[in-house]
**Student:** 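Below is a structure I'd like to ask you about.
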Amino acid sequence: MVDYRVDNQFTVLEINNPPVNALSSDVTIGLYDGILKALQDDSVQAVIIIGKGKVFCAGADITAFSKSIKGLGITDVGHAIESSSKPVISAVYGVALGGGLEIALFCHYRISDKKAKFGFPEVQLGLLPGAEGTIRLPRLTGLPVAMEIITSGRQLSAQEAVKYGIIDKIVENDLLQEAKTFATSIIGKPLDSLRLRTKKVKNADLVDKYYDDALKEVKRKSKGLIAPVSCLKTIRGSAKLPYDTAAQLERSLFTELITSSQSAALRYSFFAERSAAKWRLPNGARSANTKPGSVVSAAVIGAGTMGSGIAVCLLRAGIPVILVEQNEKLLKAAQTNIDQIFRGSVQLGKMTLEKRQECLRMLQGTAQLEKVKDVDIVIEAIFENLKLKQEVFAKLDKICKPTAFLCSNTSTLDIDKIASATSRPDKVAGTHFFAPAHIMRLLENVYGSKTSPETVATVMELGRKIGKISVLSKTCDGFIANRMNKIGVEAVYLVEEGASPYNIDQIMEDFGMSMGLDVGWRIRQEQAKALGVNLTAETKYLNAERYCSLPDKLYELGRNGIKTGRGWYRYDPANPRKPIPDLDVLDIIQTHCQNLGIQRREITAQEVIERCLYATINEGFKILEENVAEKPSDIDVIWQYGFAFPRYRGGPMFYASQVGLRKVFERICYYHATFPYSKHWLPSDLLRKLASSTDEIPINQWMNNWSSKL
Ligand code: 3H9
């Protein structure tokens, strides 16, 4: 785990714990023993700590946080390094993050490669840098900078790290060689002033002001999160308290955080995101043993808002795009829209002018579908209508080369039905982007019964290449995301039963979600038309399902949301992002209820949360039992990235595991008995089975338990 080498007058301690040199207990023991051994070796004049592979060290081993850790901690190693009578130099390549940066801060000197990155990302895991990072960083950078770095969790470039005094030098050539040259230059120099514990915090007397300013910022940016506030408290401690007392405070707040439900959810989210890329199909094919096809060129069919957004994603990743629209006028509008997006990125400093020009050069607009004949992948983004899509896919099948992948940006339609219009159903998949496609990070990839593993691997890899978090879903009505979302439906029922829409929004916002009620008129009209039903203000049931006509009423009154200045709210054109509650809407609700003879009642916040989330969770369990999602964490990733579910709550499935499956199941049964005309309350079999276990089954074992019972 730590390779010990003596090289002339140096000991080189090389952390060797792939893939990211996390500080497992073997690594901390290796470093500690290495320092002691170097101190005992008279031939050694200096110690160099370096990482093997691509990074210096990504910090504490996050996988070990849920286990009880015994033995040497990072601080024990740190104290051994700091008190060493021989200089210790850390040589950073790749990243020094969290505990990795803390180890570096215990060293007397720090040098790095010019591409190295530094940071304390602990806050993103609901933690604080708990190996004296909050006490030591302010001694180098000053309080305001330390507060910003630690509470944001952002990564700093090597250049910034030099500017703030975090590292001593950036080197150009071979890092180890440069470290040895550097070490030679400092051998024999006094170390006392280089031990950070001896340093004073600059402007310590101003700490309360810095603290108040930073707290305001943290509360604005990270509403509901406890870790950033704890970080600030320990940084304040670094200025107000003697070193060891401040370290004690840091330890006790770290212990509080690590046992908090927020940190558990954030750590779960870290791994959930990474595990979404590791897919497995029911036929046994896996990401690990399936090679993606090559995609070096693409076509997007349909240049509306979605199509244009998708084209932007591909172009940014260096993939040339042929954009197909019905006529020149629509094409021109799309090209202008795409360029607007690039210009916006340039203005924000997220793209260089050269990159914008390169992207525009790679974009070719056409009204002739035949032009796509040579591309590797086609993404169709036309109107959500099966017949139309089938027509387009039949044409594409004839035009495109046999190896081309044909994908649809459908958000609900059956991929098998789309694929059936082609002679290559194995090469057809869904690539469901979320609006706005160039901003939202989620890509829901969908496979049908005939989609080949290679096609799945290709769309998953494409997602990675264009910077998306890709999650795989089996085809079904609405896939994972839209099928599962019952929040809007239940929210409208709650309004009909007695809640105010503004109250519901507030309760969900306090929970951490800002979704807003949808009007969704057109979708409901389409559904009713398909069933041959004429919807009216009196419609209470549709296809044996409860129906609420309130949103239709709003729509028919021209209340279509921001674009018409009114919906459930009023919108001031000068500030449309700030909806204003509207008394007229409350009147419309009252009249609706009187006309239908609905007795309104008091509705608690608890009921709002349960009705909105448990209905969604119940559907999530059905999605799992039908293998639409392979694992609960995939569902949670979709909710975080598609519907802004608060990361510190993990996602609906993780939330259910924290509430307790038995409790969730009981409430679902209660609502099922109370609302028999809402199919989504019919309890899931998988949930029933898991809830019947005498012990709560941890989320990562739900699927094992289920499969073994099949
Ligand atoms: C801490 O340090 C607390 C201390 O202050 C105090 C303690 C007392 N541990 O992201 P990737 C895995 S808290 C264990 O796909 P990339 C990751 O799961 C820690 N495993 O690669 C994945 O596994 P798999 C503070 C870790 O190149 C593999 O490594 N540090 C850890 O896109 C590759 O990861 C952080 O929060 C870890 N610390 O990005 C840093 N880190 O292959 C978190 C990664 O099985 N890590 N893995 O899926 C990162 O930000 C990125 O992983 C990193 C590499 C930038 C390092």
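Just so it is clear, the model here is predicted, and its values are computed rather than measured. Order of listing sets the numbers, starting from 1, for every ligand and every atom in it.
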**Student:** Within this structure, what is the CD1-CD distance for the pair Ile235 and Glu250, rounded to the nearest 0.5 Å?
**Tutor:**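 Taking CD1 in Ile235 and CD in Glu250, the distance rounds to 9.5 Å.
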**Student:** Inspect the contact between Arg197 and Glu82 and indicate whether a charged nitrogen and a carboxylate oxygen are less than 4.0 angstrom apart.
**Tutor:**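 Arg197 and Glu82: salt-bridged.
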**Student:** Protein heavy atoms near atom 24 (P) of ligand 1, is at least one of them under 4.0 angstrom away?
**Tutor:**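 It does; a protein heavy atom is within 4.0 Å.
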**Student:** Is there at least one protein heavy-atom neighbour under 4.0 Å from atom 21 (O) of ligand 1?
**Tutor:**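 No, there is no protein heavy atom closer to it than 4.0 Å.
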**Student:** Taking NZ, NE, NH1 and NH2 as the nitrogens, is one of them in Arg154 or Glu148 under 4.0 Å from a carboxylate oxygen of the other?
**Tutor:**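 Glu148 and Arg154: salt-bridged.
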**Student:** On a heavy-atom basis, I'd like to know which of Gly59, Pro18, Pro19, Gly73 is closest to atom 29 (O) of ligand 1.
**Tutor:**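 That would be Pro19.
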**Student:** Examine Gly99 against ligand 1 and note whether any of their N/O atoms are separated by less than 3.5 Å.
**Tutor:**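 N/O-N/O distance below 3.5 Å exists for this pair.
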**Student:** Among pairs that include at least one residue of residues 94-147, which meet ring-ring contact (aromatic ring centres under 6.0 Å, His included), considering only residues two or more places apart or in two chains?
**Tutor:**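 Matches after skipping sequence neighbours: His79-Phe106, Tyr109-Phe182.
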**Student:** What is the closest protein heavy atom to atom 6 (C) of ligand 1, and at what distance does it sit?
**Tutor:**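 For atom 6 (C) of ligand 1, the nearest protein heavy atom comes out as Gly130 N, 3.5 Å.
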**Student:** Could you check whether Phe56 and Tyr93 have their ring centres less than 6.0 Å apart?
**Tutor:**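 No - the distance between ring centres of Tyr93 and Phe56 does not fall below the 6.0 Å cut-off.
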**Student:** Out of curiosity, is Gly133 lining ligand 1, as in a heavy atom under 4.0 Å away?
**Tutor:**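 It does not, in that no heavy atom of Gly133 comes within the 4.0 Å cut-off of ligand 1.
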**Student:** Looking at Lys221 and Glu217, is any side-chain nitrogen of the basic one under 4.0 Å from a carboxylate oxygen of the acidic one?
**Tutor:**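 Salt bridge present between Glu217 and Lys221.
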**Student:** Considering only non-hydrogen protein atoms, determine which one is nearest to atom 8 (C) of ligand 1 and report residue, atom name and distance to 0.1 Å.
**Tutor:**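 Here the closest protein heavy atom is Phe254 CZ, 3.8 Å.
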**Student:** Can you report which non-hydrogen protein atom sits closest to atom 5 (O) of ligand 1, along with the distance?
**Tutor:**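 Protein heavy atom with the smallest distance to atom 5 (O) of ligand 1: Glu122 OE2, 2.5 Å.
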**Student:** What residue and heavy atom of the protein are closest to atom 17 (C) of ligand 1, and at what distance?
**Tutor:**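 Heavy-atom neighbour on the protein nearest atom 17 (C) of ligand 1: Arg274 CD, 3.8 Å.
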**Student:** Any protein heavy atom at under 4.0 Å, with atom 47 (N) of ligand 1 as the reference point?
**Tutor:**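 Under the 4.0 Å cut-off, atom 47 (N) of ligand 1 does have protein heavy-atom neighbours.
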**Student:** If you measure every N/O of Val20 against every N/O of ligand 1, is any gap under 3.5 Å?
**Tutor:**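 There is no such contact.
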**Student:** Does Phe271, backbone or side chain, put an N or O under 3.5 Å from an N or O of ligand 1?
**Tutor:**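 Between Phe271 and ligand 1, no N or O pair is found under 3.5 Å apart.
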**Student:** Is ligand 1 less than 4.0 angstrom away from at least one heavy atom of Lys278?
**Tutor:**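 Flag set, Lys278 near ligand 1.
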**Student:** For ligand 1, is there an atom lying under 4.0 Å from some heavy atom of Phe270?
**Tutor:**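 It does, in that a heavy atom of Phe270 comes within the 4.0 Å cut-off of ligand 1.
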**Student:** May I ask whether atom 32 (O) of ligand 1 is less than 4.0 Å from at least one protein heavy atom?
**Tutor:**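 No, there is no protein heavy atom closer to it than 4.0 Å.
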**Student:** Would you mind running through ligand 1 and noting each atom that sits below 4.0 Å from a heavy atom of Ala60?
**Tutor:**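 Answer, ordered by atom number: 1 (C), 2 (O), 3 (C), 9 (N), 19 (C), 37 (C), 38 (N).
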**Student:** So which bit of Thr75 gets within less than 4.0 Å of ligand 1, heavy atoms only: side chain, backbone, both or neither?
**Tutor:**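 Neither; no heavy atom under 4.0 Å.
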**Student:** Nearest 0.5 Å, what's the CD-OG1 distance between Glu132 and Thr75?
**Tutor:**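 Answer for the CD-OG1 pair, Glu132 versus Thr75, is 6.0 Å.
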**Student:** Please determine if Lys474 forms a cation-pi arrangement with Tyr447, meaning its NZ or CZ atom is less than 6.0 Å from the six-membered ring centre and no more than 45° off the ring axis.
**Tutor:**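 Because its charged atom misses either the 6.0 Å distance or the 45° angle limit, Lys474 does not stack over Tyr447.
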**Student:** Give the intermediate values and the outcome of side-chain contact (heavy atoms from CB on, under 4.5 Å) for residues Lys86 and Leu39.
**Tutor:** CA-CA 7 Å; Lys86 298 178 182 176; Leu39 285 176; 4.0 Å; yes
**Student:** For the pair Glu172 and Lys114, find out whether any cationic side-chain nitrogen is under 4.0 Å from an anionic carboxylate oxygen.
**Tutor:**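 Yes.
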**Student:** At what distance is the nearest protein heavy atom to atom 50 (O) of ligand 1, and which residue and atom is it?
**Tutor:**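 Sorting protein heavy atoms by distance from atom 50 (O) of ligand 1 puts Leu97 CD1, 3.9 Å first.
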**Student:** Quick one: pull up CD in Glu358 and CZ in Phe342 and give me the separation to the nearest 0.5 Å.
**Tutor:**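 The distance works out to 10.0 Å.
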**Student:** Specify the protein heavy atom at minimum distance from atom 56 (C) of ligand 1: its residue, its atom name, and the distance to 0.1 Å.
**Tutor:**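 For atom 56 (C) of ligand 1, the nearest protein heavy atom is Ala58 CB, 3.6 Å.
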**Student:** Any N/O of Ile62 closer than 3.5 Å to an N/O of ligand 1?
**Tutor:**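 There is such a contact, yes.
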**Student:** May I ask you to list the atoms of ligand 1 that are less than 4.0 angstrom from any heavy atom of Glu102?
**Tutor:**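 Matching atoms, with element in brackets: 4 (C), 5 (O), 6 (C).
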**Student:** Is Lys163 salt-bridged to Glu160, cutoff N-O under 4.0 Å?
**Tutor:**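 Answer for the salt bridge query: no.
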**Student:** Could you tell me which atoms of ligand 1, counted from 1 in the order shown, lie closer than 4.0 angstrom to a heavy atom of Pro129?
**Tutor:**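 Result: 5 (O).
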**Student:** What atoms in ligand 1 come closer than 4.0 Å to a heavy atom of Asp61?
**Tutor:**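 Answer, ordered by atom number: 9 (N), 14 (C).
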**Student:** Give, for atom CD of Glu273 and atom OG of Ser470, the distance between the pair rounded to the nearest 0.5 Å.
**Tutor:**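 Rounded to the nearest 0.5 Å, the CD-OG separation comes to 11.0 Å.
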**Student:** So, for atom 27 (O) of ligand 1, does the protein have a heavy atom nearer than 4.0 Å?
**Tutor:**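 No, because not a single protein heavy atom sits under 4.0 Å from atom 27 (O) of ligand 1.
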**Student:** Can you name the ring pair (Phe, Tyr, Trp, His ring centres under 6.0 Å) partners of Phe645, sequence neighbours left out?
**Tutor:**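 Residues passing ring pair (Phe, Tyr, Trp, His ring centres under 6.0 Å) with Phe645: Phe511.
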